[in-house]
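These notes are about the structure you will find just below.
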Amino acid sequence: MNNNIAEKKYKKLSIQLTLNGLSFYSLDTLNNIPSAFTTIPIDVNQGLSFEEQVENIFTTQFNAEDFDSVNLIHMNQLFTAVPSSLFDKQHMNEYLKFSIKTLSIDKFAYDIIENHSIHNVYIPFESVNNIAKKHFKNVTYKHATSVLAKTLLDVSKNSYELQFYVHVQPTHFEIIITHKGKLELLNSFQYRTKEDFLYYILFVAEQLKLNPETFKLNFLGDITPEDELFKITYKYIRHVELIEPNMINNNDWNTNAIDYLKYFILLHS
């Protein structure tokens, strides 16, 4: 880390990466002011590999000298949350193999969800980590669900009621359920249609014996009340709403509510 005050830029870059593209913003750490958010799609059918497109974006979009630190946030479904009391670094593949297919060449990583006794084990985009470390100084990385789970657990730690959160992305979504300050569920689901989307939410509610007439569902991510996903969910679950930013956000960010929810993970990374 750059400890020379005269050389510090007081800017942090956060990049959220999926196989379909990346989103990013920079933060003025002196004044706590975020830049505009940018999303760049990645399409491997255009002739360049995923890694080549990522490297091109890093080269053309960012001047590495502008930032003191870079947070790389991996968003994929290759993760599982493990109670810290059961975690053993030597057996990370054992935790994942029950929910996903792992390969002998896979590299495993983990995040510690601080203050909640959880280790989040995952397979990062290792090739992108290497590209980022070549391009930037002081790179750290973590899984998107680690950021999501910690932020929502911190918010709900004093609530004794069950909290049902759904974080929406264009092709997948995460369900995070907390109860009495503890994590009850953290999972990700792919969907193609609004019916797929609804099915998984109702399935989880049924497994947990939640009554659609009484429990409250909190949306965040890339969704608004005008979206079909919101409308179909509201048909079957009585209490559906978007998270109010002022219930979670303790920072004086000049960010509108739609962007705050859409880029929730980036802002809290």
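In the hydrophobic clustering, where aliphatic and aromatic side chains (Ile, Leu, Val, Met, Phe, Trp, Tyr) are joined below 4.5 Å either directly or transitively, L103 groups with I105. Its side chain outside the 4.5 Å cluster rule for every partner, F98 clusters with none of the Ile, Leu, Val, Met, Phe, Trp and Tyr residues.
The nearest pair of heavy atoms linking A81 to L186 is CB-CD2, 4.2 Å. Closest non-hydrogen pair, A149 versus I113, comes out as CB-CD1, 4.0 Å. Residues L27 and P34 approach most closely at CD1-N, 3.7 Å, considering heavy atoms. Residue A36 comes nearest to Y25 through the heavy atom pair O-CB, 4.0 Å, listed as atom of the first residue, atom of the second, then distance. Shown here for T39 and S23, the closest heavy-atom pair between the two residues is OG1-OG, 2.9 Å. Contact record, H172 with Q77: CB-NE2, 4.4 Å, taken as the closest heavy-atom pair.
Counting heavy atoms from C-beta outward, F203 and I175 have side chains that stay 4.5 Å or more apart. Considering only heavy atoms from C-beta on, Q16 comes within 4.5 Å of Q169 through its side chain. Taking the side chain as every heavy atom from C-beta outward, L153 and K157 never approach each other to under 4.5 Å. Residues N187 and V204 are not in side-chain contact: their nearest non-hydrogen atoms beyond the backbone lie 4.5 Å or more apart. Side chains of I265 and H167 form a contact here, defined as non-hydrogen atoms less than 4.5 Å apart. The closest side-chain heavy-atom distance from H116 to K182 is not below 4.5 Å. L220 is listed as a side-chain neighbour of L148, based on a closest heavy-atom distance under 4.5 Å.
Residues that satisfy the salt bridge (charged side-chain N to carboxylate O under 4.0 Å, His left out) test with E213, not counting sequence neighbours, are R238. Take F173 and apply the ring pair (Phe, Tyr, Trp, His ring centres under 6.0 Å) test, not counting sequence neighbours, and it matches F189, Y191, F197. Applying the ring pair (Phe, Tyr, Trp, His ring centres under 6.0 Å) test to F108 and every residue at least two apart in sequence or in another chain returns nothing. The salt bridge (charged side-chain N to carboxylate O under 4.0 Å, His left out) test applied to K12 returns no partner, not counting sequence neighbours.
In this structure, F264 and H268 have tilted ring planes: the angle between them lies in the 30° to 60° band. Ring orientation note: the planes of F125 and F50 are tilted relative to one another, at an angle of 30° to 60°. The aromatic rings of F24 and F62 lie perpendicular to each other, with more than 60° between the two planes, well past the 30° mark. The aromatic rings of Y122 and Y141 sit perpendicular, their planes meeting at an angle over 60°, well past the 30° parallel limit.
Using a distance-only test at 3.5 Å, with no hydrogens or angles considered, a donor-acceptor pair links the side chain of D68 to the main chain of Y10. No donor-acceptor pair closer than 3.5 Å links the side chain of E184 to the backbone N or O of I177. Here the side chain of T178 pairs no donor or acceptor atom with the backbone of G181 at under 3.5 angstrom. Within the 3.5 Å criterion, the main-chain N or O of F87 finds no donor-acceptor partner in the side chain of H119. D196 places a side-chain N or O within donor-acceptor distance of the main-chain N or O of R192, the cut-off being under 3.5 Å. Proximity of a side-chain donor or acceptor of Q53 to a complementary backbone N or O of D43 within less than 3.5 Å is detected. Side chain of N76 to backbone of I123: a donor-acceptor contact under 3.5 angstrom is found. When atom types are taken as modelled, the side chain of D227 and the backbone of F230 share no donor-acceptor pair closer than 3.5 angstrom. Under the 3.5 Å distance criterion, the side-chain polar atoms of S156 are left unmatched by any main-chain donor or acceptor of S159.
For K231 and E226, the salt-bridge test fails: no basic side-chain N is under 4.0 Å from an acidic carboxylate O.
Results of the side chain to side chain donor-acceptor pair (under 3.5 Å) test with H74 over D111, T145, N129, T18 single out N129 as the only residue that passes.
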Let me see the working for Y95 and Y110 under ring-ring contact (aromatic ring centres under 6.0 Å, His included), right down to the final yes or no.
-> CA-CA 11 Å; Y95 304 116; Y110 67 90; 10.0 Å; no
Intermediate values then yes/no, side chain to side chain contact (heavy atoms under 4.5 Å, CB included), I243 and L152 | CA-CA 11 Å; I243 286 180; L152 296 177; 4.3 Å; yes
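Linking ILVMFWY side-chain heavy atoms closer than 4.5 Å, directly or via other members, places I112 and F79 in two distinct hydrophobic clusters.
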